[in-house]
Number of protein chains: 2
Amino acid sequence: MDNKCNFCTMKSKAAEKLTAKESEKLSANCVTVKFKKGDSIIKQGTYSTNVAYLRTGLAKIHIQGPYYTQVVRIVSQGNYLGLPTTFGDKVNQYSVTAVEPSEVCFIDITTFRKLLNLNSDFSNQIILELCKSELESYQKCVNRTQRHIRGKIAGVLLEFADEIYRSEKFTLSINQEEMGNLVDASRESVSRVLSEFVRDGIIVMEGRNISIVNRQMLLNICLNG
Amino acid sequence: MDNKCNFCTMKSKAAEKLTAKESEKLSANCVTVKFKKGDSIIKQGTYSTNVAYLRTGLAKIHIQGPYYTQVVRIVSQGNYLGLPTTFGDKVNQYSVTAVEPSEVCFIDITTFRKLLNLNSDFSNQIILELCKSELESYQKCVNRTQRHIRGKIAGVLLEFADEIYRSEKFTLSINQEEMGNLVDASRESVSRVLSEFVRDGIIVMEGRNISIVNRQMLLNICLNG
DNA sequence: GAAATAATGTGACCAATATCACAATTTTTA
DNA sequence: TAAAAATTGTGATATTGGTCACATTATTTC
């Protein structure tokens with residue numbers, strides 16, 4: 001029997017705790033699907049029967065709000081996409097869409113539950129990740145409400161550089177509208193602030209290619225508005 | 001040996017899954033402390049060595065933001081207060097303060113971890129709660145950013161009536177400043193909106209005693225601004 | 001129970017940022 | 001590669017809700 005999950009080079013931290021035998025069980029109950037940019041991975045309101053793991057790529061989690069769709073967060077490769085929505089409710093409470101070409105592993109929820117019960121290292125790791133992501137969401141909430149637009153945009157740029165692309169140069173895969181949505185600002189404001197950063201020599205921008213030139217300044221704007 | 005946790009009338013859903021023997025272990029490694037209104041239960045920045053469970057009372061979770069302290073959410077009795085902050089990091093990432101007289105059980109984290117590993121029903125319940133609270137925090141985030149003040153205040157009033165006091169009449173235990181902080185509005189705006197609701201016959205207010213008179217209207221305002 | 005302190009109510013004014021309108025540019029599609 | 005569609009840039013204007021100032025009312029404290 002093949003054991004692709006065991007030899008996967010992009011295992012989640014939790015999956016690393018699994019034994020070869022458990023990995024085998026995982027492999028047998030997990031399908032990997034490719035998504036193009038813009039494809040819907042999880043759709044709010046539909047039944048959820050699988051845990052989704054973003055093996056490669058980049059995705060956004062978004063919720064239908066009363067007036068428009070709100071991007072709640074960006075998830076980068078190596079993270080679970082749908083734990084809360086899969087465990088918390090029978091129906092998906094949010095949508096997930098690929099922002100870059102992505103590979104997603106859909107794990108049968110019964111299998112996933114079995115693994116949680118079988119291997120406490122695995123379940124501890126999952127608990128840890130849930131905790132971290134809750135903390136992160138609290139922090140995001142504070143940033144969203146307390147910072148001014150300049151600070152918030154500086155913050156996302158740093159997040160892209162540090163957490164997602166791990167480089168001072170990167171190509172944005174979301175447009176300014178979506179970026180505004182992510183930090184709670186209008187498309188126009190995003191445009192204005194980005195131009196301002198370019199004018200002040202903090203970043204260089206060619207289309208959607210961005211390089212951070214003055215990281216110190218960006219950090220400063222992020223922290224002090 | 002006494003087994004107070006086993007006979008506790010305010011067990012958490014998770015603790016209900018424990019066997020008598022496991023409960024005994026819990027009892028031996030758990031202290032219950034009373035807090036007065038306004039007392040600090042968990043302090044952001046200090047080391048966390050215990051899981052906190054709100055046995056009775058009401059508490060608020062707040063985070064120190066760049067400009068002021070932000071109330072992230074209200075936790076009612078029967079819920080864990082500090083899972084994310086205890087598991088996610090060695091240092092508490094948020095503060096918790098009693099909003100009403102409260103009893104909190106502090107559970108030794110090593111014991112808690114042991115129980116997680118020992119009893120998978122227990123750990124599944126904890127995972128479920130973490131998932132739900134993450135979903136809730138996404139929803140809160142959307143409400144905070146997309147709704148107007150009237151809608152947000154209508155929302156909190158309904159939350160108090162439905163989730164916390166389970167009655168159309170209740171006594172607010174937070175002041176308008178804190179309420180504003182909870183929905184991201186200034187003290188003055190809260191005052192204005194509440195007066196407006198009273199004027200329009202949607203609620204009756206005597207000091208901090210509130211009764212919801214026109215629930216339909218309140219719901220309507222909550223949903224449509 | 002008087003004084004001090006905290007909480008609330010209310011008007012006037014202000015600021016940040018949304019919205020609108022349209023031009024310019026880039027990307028996609030046929 | 002021309003046309004269509006999507007994205008971005010930018011000025012003018014509007015609006016929500018914050019801030020300030022101060023009056024009024026409750027609540028604590030001594």
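Throughout, protein chains are lettered first and strands after them, A, B, ... in sequence-line order, and every chain is numbered starting at 1.
- In this structure, the nucleotide among dG17(D), dA16(C), dT8(D) sitting nearest to the side chain of S191(A) is dT8(D).
- Protein atom CG of L194(A) is 11 Å distant from nucleotide atom C1' of dG9(D), rounded to whole Å.
- Checked by atom type, the side-chain pair Y67(B)/R147(A) shows no donor-acceptor distance below 3.5 Å.
- For E188(B) and dC14(C), the CD to C1' distance is 14 Å, given to the nearest whole Å.
- Atom OG1 in T32(B) sits 12.0 Å away from atom CE in M10(B) (nearest 0.5 Å).
- With the nearest nucleotide of DNA chain C identified for both R192(B) and E177(B), E177(B) has the one nearer the 5' end.
- Q77(B) CD to E100(B) CD: the interatomic distance, rounded to the nearest 0.5 Å, is 8.5 Å.
- For the pair Q176(B) CD and dT10(C) C1', the interatomic distance rounds to 12 Å; values are reported in whole Å.
- The separation between Y67(A) atom OH and dT16(D) atom P is 12 Å, rounded to whole Å.
- Counting any heavy atom pair closer than 4.0 Å across all strands shown, S189(A) reaches sugar-phosphate atoms only and no base atom.
- Summarising the geometry, the separation between NE2 on H148(A) and P on dA16(C) is reported as 7 Å, rounded to the nearest angstrom.
- Looking at heavy-atom distances under 4.0 Å, S186(B) makes contact with a base.
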Might you work through the ring-ring contact (aromatic ring centres under 6.0 Å, His included) test for Y80(A) and F112(A), ending with a clear yes or no?
CA-CA 12 Å; Y80(A) 289 94; F112(A) 197 84; 5.8 Å; yes
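- Take the nearest nucleotide of DNA chain D for A185(B) and for R208(B): the residue whose nucleotide is more 5' is A185(B).
- Per the geometry, CD belonging to E196(A) stands 15 Å off C1' belonging to dG11(D), to the nearest Å.
- Taking atom CD on Q146(B) and atom P on dT16(D), their separation rounds to 17 Å, with Å as the unit.
- Between the CD1 atom of I210(A) and the P atom of dT8(D) there is a distance of 10 Å, rounded to whole Å.
- Not one N or O on the side chain of Q125(A) forms a donor-acceptor pair closer than 3.5 Å with the backbone of A15(A).
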Name the pairs: protein N/O against N/O of nucleotides 28-30 of chain C, kept only if under 3.5 Å.
none

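- Shortest non-hydrogen contact noted between F170(B) and L157(B) is CZ-O, 3.9 Å.
- Taking only distance into account, the side chain of R187(A) meets the base of dG9(D) through a donor-acceptor pair shorter than 3.5 Å.
- Rounded to the nearest 0.5 Å, atoms NE2 (H148(B)) and OG (S189(B)) are 12.5 Å apart.
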